[in-house]
Amino acid sequence: MAYRWVATSVAGFVQQLAVSYIAHGYLFYVAGRIPEGKDPARTDAKLIAQYGLDVSKWTRARQRKRGQASVQYLRHARFFVLLATRGEHPFFAAEGKRIRDFRRQPLYFHGYSIGCRKGRDGKWHASVRIERERFGELKRRFAALAVHHSVEELCQEFRRLAFEPYAPVRDQLRILLRAVNRRRAVAGLEPVPREALRWRRRAVQPFADSSGFALFGN
């Protein structure tokens, strides 16, 4: 199967990054934006050739057994990220101080904070949450709406939120809902039900083939 790197949606980019890459050991990254007026396809071709990315998963497996790092490339619109696992690879020398570690510095993308956190099992896991500044904006917005909108209107506001309900996002949405209902309780108003929130994440197809049909990632 040909190498795929262009995510067709924000949800697809986040899913591929967190579920397919970070969760499988791609802890190091460099992010960037292709300037307006520059052809993204040329940047794609340059980076894919420079780092030898268009290889099979079997080749990647053999490289990792030899102690070499595996590198991936992912882009949505003009925003891109290069990712690497532990090991030896020209990527580390070429990118140098620009390299970040998901365990220390999350990636911010369309209001998401995408990083890596240690779980109760002591292992590192991908973590997708609403970025702190964006979450603060949401808290202020819902606080203003809490007592001036009906239950139906508030349910619609919650359902309009574009964030996919990864576990940390669900926790943040619960915080929003509790804050709204505390204000409504003080005002003697009916609470907004839990059903206003979307609890299950939709698996999306991050890539499209040349015919335009969406395809799941590797």
Side-chain angles (χ1 to χ4, degrees), residues 1-34 39-96 98-107 109-110 112 114-119 121-128 164 166-167 201-218:
M1 183 177 290
Y3 188 67
R4 301 190 300 274
W5 64 90
V6 181
T8 57
S9 66
V10 169
F13 181 98
V14 174
Q15 176 184 289
Q16 186 69 14
L17 179 59
V19 178
S20 296
Y21 292 154
I22 298 176
H24 289 89
Y26 289 84
L27 300 177
F28 309 101
Y29 74 94
V30 169
R33 184 174 296 277
I34 300 170
D39 183 5
R42 294 188 66 179
T43 299
D44 296 346
K46 176 184 175 182
L47 292 173
I48 290 169
Q50 179 179 352
Y51 294 122
L53 305 184
D54 192 3
V55 296
S56 70
K57 63 180 181 180
W58 311 114
T59 299
R60 291 182 185 278
R62 289 194 296 270
Q63 290 172 339
R64 294 178 80 165
K65 283 184 178 180
R66 293 196 297 265
Q68 296 175 322
S70 183
V71 175
Q72 299 279 8
Y73 176 61
L74 183 65
R75 176 170 64 79
H76 173 68
R78 293 185 172 274
F79 184 85
F80 71 87
V81 60
L82 281 161
L83 309 105
T85 61
R86 290 189 182 90
E88 298 180 1
H89 196 281
F91 165 82
F92 292 101
E95 301 299 335
R98 298 203 315 131
I99 296 173
R100 301 291 180 262
D101 187 327
F102 280 113
R103 294 167 295 183
R104 298 181 180 89
Q105 293 175 278
L107 175 72
F109 177 75
H110 280 260
Y112 284 101
I114 308 163
C116 196
R117 297 199 175 195
K118 188 173 286 189
D121 58 2
K123 298 179 180 178
W124 291 95
H125 300 273
S127 173
V128 179
E164 287 296 317
Y166 291 87
R201 180 177 67 85
R202 292 186 293 261
V204 298
Q205 298 174 327
F207 303 118
D209 64 12
S210 58
S211 66
F213 289 103
L215 298 169
F216 280 99
N218 296 328

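Please read all numbers here as calculations on a predicted model, not as lab measurements.
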For residues [X] and [Y], report the shortest heavy-atom separation together with the two atoms involved.
{"X": "Arg98", "Y": "Ala31", "result": "NH1-O, 4.2 Å"}
{"X": "Leu53", "Y": "Val71", "result": "CD2-O, 3.3 Å"}
{"X": "Ile22", "Y": "Leu27", "result": "O-CD2, 4.4 Å"}
{"X": "Ala126", "Y": "Ala18", "result": "CB-O, 3.4 Å"}
{"X": "Arg104", "Y": "Pro106", "result": "O-CD, 3.8 Å"}
{"X": "Gly119", "Y": "His125", "result": "N-CD2, 3.8 Å"}

**OP:** State whether the side chain of Tyr112 and the backbone N or O of Val10 hold a donor-acceptor pair below 3.5 Å, judged by distance alone.
**Re:**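 Here the side-chain-to-backbone pair does not exist.
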Original post:
Counting only N and O atoms by type, is there a donor-acceptor contact under 3.5 Å from the side chain of Ser70 to the main-chain atoms of Thr85?
Top reply: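 Looks like no, no N/O pair under 3.5 Å.
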State the [atom1]-[atom2] distance between [X] and [Y], to the nearest 0.5 angstrom.
{"X": "Arg62", "Y": "Ser56", "atom1": "CZ", "atom2": "OG", "result": "6.0 Å"}
{"X": "Arg4", "Y": "Gln72", "atom1": "CZ", "atom2": "CD", "result": "10.5 Å"}
{"X": "Lys65", "Y": "Gln68", "atom1": "NZ", "atom2": "CD", "result": "13.5 Å"}
{"X": "Arg201", "Y": "Glu164", "atom1": "CZ", "atom2": "CD", "result": "7.0 Å"}
{"X": "Trp5", "Y": "Phe13", "atom1": "CH2", "atom2": "CZ", "result": "14.5 Å"}
{"X": "Thr43", "Y": "Ile48", "atom1": "OG1", "atom2": "CD1", "result": "10.5 Å"}

Original post:
Yes or no on side chain to side chain contact (heavy atoms under 4.5 Å, CB included) for Phe109 and Val128, after CA distance, side-chain angles and deciding distance?
Top reply: CA-CA 10 Å; Phe109 177 75; Val128 179; over 6 Å; no
Original post:
Using the ring of each side chain (for Trp, its six-membered ring), is Phe91 parallel, tilted or perpendicular to His89, with breaks at 30° and 60°?
Top reply: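 Judged by the thresholds at 30° and 60°, the geometry between Phe91 and His89 is perpendicular.
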Decide if atom [atom1] of [X] counts as having more than 12 heavy atoms of other residues, nucleotides or ligands within a radius under 6.0 Å.
{"X": "Arg86", "atom1": "CZ", "answer": "no"}
{"X": "Gln50", "atom1": "CD", "answer": "yes"}
{"X": "Arg117", "atom1": "CZ", "answer": "no"}
{"X": "Arg66", "atom1": "CZ", "answer": "yes"}

Original post:
Do Tyr166 and Gln15 meet the criterion of a side-chain donor-acceptor pair at a distance under 3.5 Å?
Top reply: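 Side-chain D/A pair, Tyr166 to Gln15: absent.
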**OP:** Please determine if Arg103 and Asp101 form a salt bridge, counting it only when a charged side-chain N lies under 4.0 Å from a carboxylate O.
**Re:**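 So Arg103 pairs with Asp101 through a salt bridge.
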Test item: [X] and [Y] side chains (from C-beta on) under 4.5 Å apart, heavy atoms:
{"X": "Leu82", "Y": "Glu95", "answer": "yes"}
{"X": "His110", "Y": "Val14", "answer": "no"}
{"X": "Tyr29", "Y": "Gln105", "answer": "yes"}
{"X": "Trp124", "Y": "Phe102", "answer": "no"}

Original post:
How far apart are the C-alpha atoms of Phe80 and Leu47, what are their side-chain angles, what is the distance that settles it, and do they pass the side chain to side chain contact (heavy atoms under 4.5 Å, CB included) test?
Top reply: CA-CA 11 Å; Phe80 71 87; Leu47 292 173; 4.2 Å; yes
**OP:** Give the C-alpha distance, both sets of side-chain angles, the deciding distance and a yes or no for ring pair (Phe, Tyr, Trp, His ring centres under 6.0 Å) between Tyr51 and Tyr73.
**Re:** CA-CA 9 Å; Tyr51 294 122; Tyr73 176 61; 9.4 Å; no
Original post:
Think Arg64 forms a cation-pi with Tyr26, using NZ or CZ under 6.0 Å from the six-ring centre and within 45 degrees of its axis?
Top reply: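 Yes, a cation-pi geometry.
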